[in-house]
S.K.: 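Have a look at this one.
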There are 2 protein chains.
Amino acid sequence: MIDLNKGKKDFTNFLKEHGQRLTNERSVVLNRILSCAGHFDPDSLYLQIRQTGLKVSRASVYRTLTLLHKSGFISIVGKTDKGTIYECTYGIKHHDHMHCIECGKVIEFYSDELEKLQEKICKKQGFEGQSHTLEIRGYCAQCRKNMK
Amino acid sequence: MIDLNKGKKDFTNFLKEHGQRLTNERSVVLNRILSCAGHFDPDSLYLQIRQTGLKVSRASVYRTLTLLHKSGFISIVGKTDKGTIYECTYGIKHHDHMHCIECGKVIEFYSDELEKLQEKICKKQGFEGQSHTLEIRGYCAQCRKNMK
DNA sequence: TAATAATTGAGATTGAGTCTCAATAACAAT
DNA sequence: ATTGTTATTGAGACTCAATCTCAATTATTA
């Protein structure tokens, strides 16, 4: 379970470092995101917040998402015709994915060696990596067996 | 160098399989994409085509890009405030991407070490990798400089 | 050549996301 | 606490990439 208070504190610190303030509106958005892990898009988030009776404008939701993105609390998973899809990455252990083309199974994996190699590659370019997405598509062990 | 004729033939085949036709407009767009490798966005592509004196409407450019995407000739690298960024993947050697959160710049890179490590990781899982996508998000050298 | 079906283009339309700016809220200093 | 300073908010206007419309056009099939 994610520690809401720690989240709030960490976000406040990030804001302070940039001469910005933790307002009620930002707090509302942050809480909503931390408490319902998973993917979301800005407009749905806005509607959800409004449904709970809280008042945060669309503009503020968008502005807060930009801040949360820059601070690394959330990351962009992709963009669809319904808009940007974000996911909460705060307090979530990073992992990558293998995706079986045959059966659709998704295997999560983590490799420290891989992480370090990526860092090394970034450094070479003067690039400061914040997050990444790696998806390997292919055939899982089970499906490979079945093919033979 | 990319074989324009082979490209045309392959695209025609794809279209035929879907009961569609290779028109002059589609041909113009295809040629433009195959002959200038690299990243591009739909509107710039449209303007480039118009500059050469050829007449293809914006709508057709967008429609053709959708087709080329579905047929695997091009793939989406990312989205910026200037629109979707595509890249030609037909006959192009594989590479991965770094995406600057600040300015939207996309840096291509290739690391043999990385490819081999991924293979090794797959093997451990009994997974047979066919293709992959890696996007590292963060800040490019230029933007990091500007931040200071 | 005629019939059929896909395609085009100009401009209207959509919709995610941004911007404006006066009103308001948070913070720092006294 | 009060005041001054500065960041933030919200409603709605605005932007602009992308899609849709539909009559005119073009490619294919019979």
S.K.: Between P on D:dT15 and CG on B:Asp43, what's the gap in Å once rounded to a whole number?
M.R.: 16 Å
S.K.: Strictly by modelled atom types, are A:Tyr62 and A:Arg58 linked by a side-chain donor-acceptor pair under 3.5 Å?
M.R.: no
S.K.: Side-chain donor-acceptor pair under 3.5 Å between B:Glu87 and B:His39, yes or no?
M.R.: yes
S.K.: Figure out the CZ/P separation between B:Arg21 and D:dT29, and round it to whole Å.
M.R.: 8 Å
S.K.: Output the rounded distance in Å from CG (B:Asp41) to C1' (D:dA17).
M.R.: 10 Å
S.K.: Is any side-chain N or O of A:Thr84 closer than 4.0 Å to OP1 or OP2 of C:dA16?
M.R.: no
S.K.: The side chain of B:Ala59 is closest to which nucleotide in this list: C:dA10, D:dG12, C:dT7?
M.R.: C:dA10
S.K.: Could you tell me whether the phosphate oxygens of D:dA18, OP1 or OP2, come under 4.0 Å of any side-chain nitrogen or oxygen in B:Arg63?
M.R.: no
S.K.: Tell me: CG of B:Leu45 to P of D:dA18, nearest whole Å?
M.R.: 12 Å
S.K.: Does any part of the side chain of A:Thr64, heavy atoms only, come nearer than 4.5 Å to the side chain of A:Glu25, both counted from C-beta?
M.R.: no
S.K.: With side-chain contact (heavy atoms from CB on, under 4.5 Å) as the test, pick out the partner of B:Ile74 among B:Leu67, B:Leu34, B:Leu65, B:Leu30.
M.R.: B:Leu65
S.K.: Expressed in angstrom and rounded to an integer, what is the separation of B:His69 atom NE2 from D:dA17 atom P?
M.R.: 19 Å
S.K.: What is the separation between atom CD on B:Glu17 and atom P on C:dA6, rounded to the nearest whole Å?
M.R.: 17 Å
S.K.: Looking only at the side chains, is there a donor atom on one of A:His69 and A:Gln130 sitting less than 3.5 Å from an acceptor on the other?
M.R.: no
S.K.: Find which nucleotide of DNA chain D each of A:Arg50 and A:Gly19 is nearest to by heavy atoms, and output the residue with the more 5' nucleotide.
M.R.: A:Gly19
S.K.: Whole Å only: how far is the CZ atom of A:Arg26 from the C1' atom of D:dT9?
M.R.: 9 Å
S.K.: Quick check: any donor-acceptor pair below 3.5 Å linking the side-chain of A:Arg58 to the base of D:dG12?
M.R.: no
S.K.: Could you check how far CZ of B:Phe11 sits from C1' of C:dT7, rounded to whole Å?
M.R.: 13 Å
S.K.: Check whether any side-chain nitrogen or oxygen of B:Tyr62 sits under 4.0 Å from OP1 or OP2 of D:dA18, and answer yes or no.
M.R.: yes
S.K.: Tell me whether the side-chain N/O atoms of A:Thr23 come closer than 4.0 Å to OP1 or OP2 in D:dT9.
M.R.: yes
S.K.: Give a yes/no answer on whether the side chain of B:Asn24 brings an N or O atom under 4.0 Å of OP1 or OP2 in C:dT7.
M.R.: no
S.K.: Should B:Ser60 be listed as having a side-chain N or O under 4.0 Å from OP1 or OP2 of C:dG9?
M.R.: yes
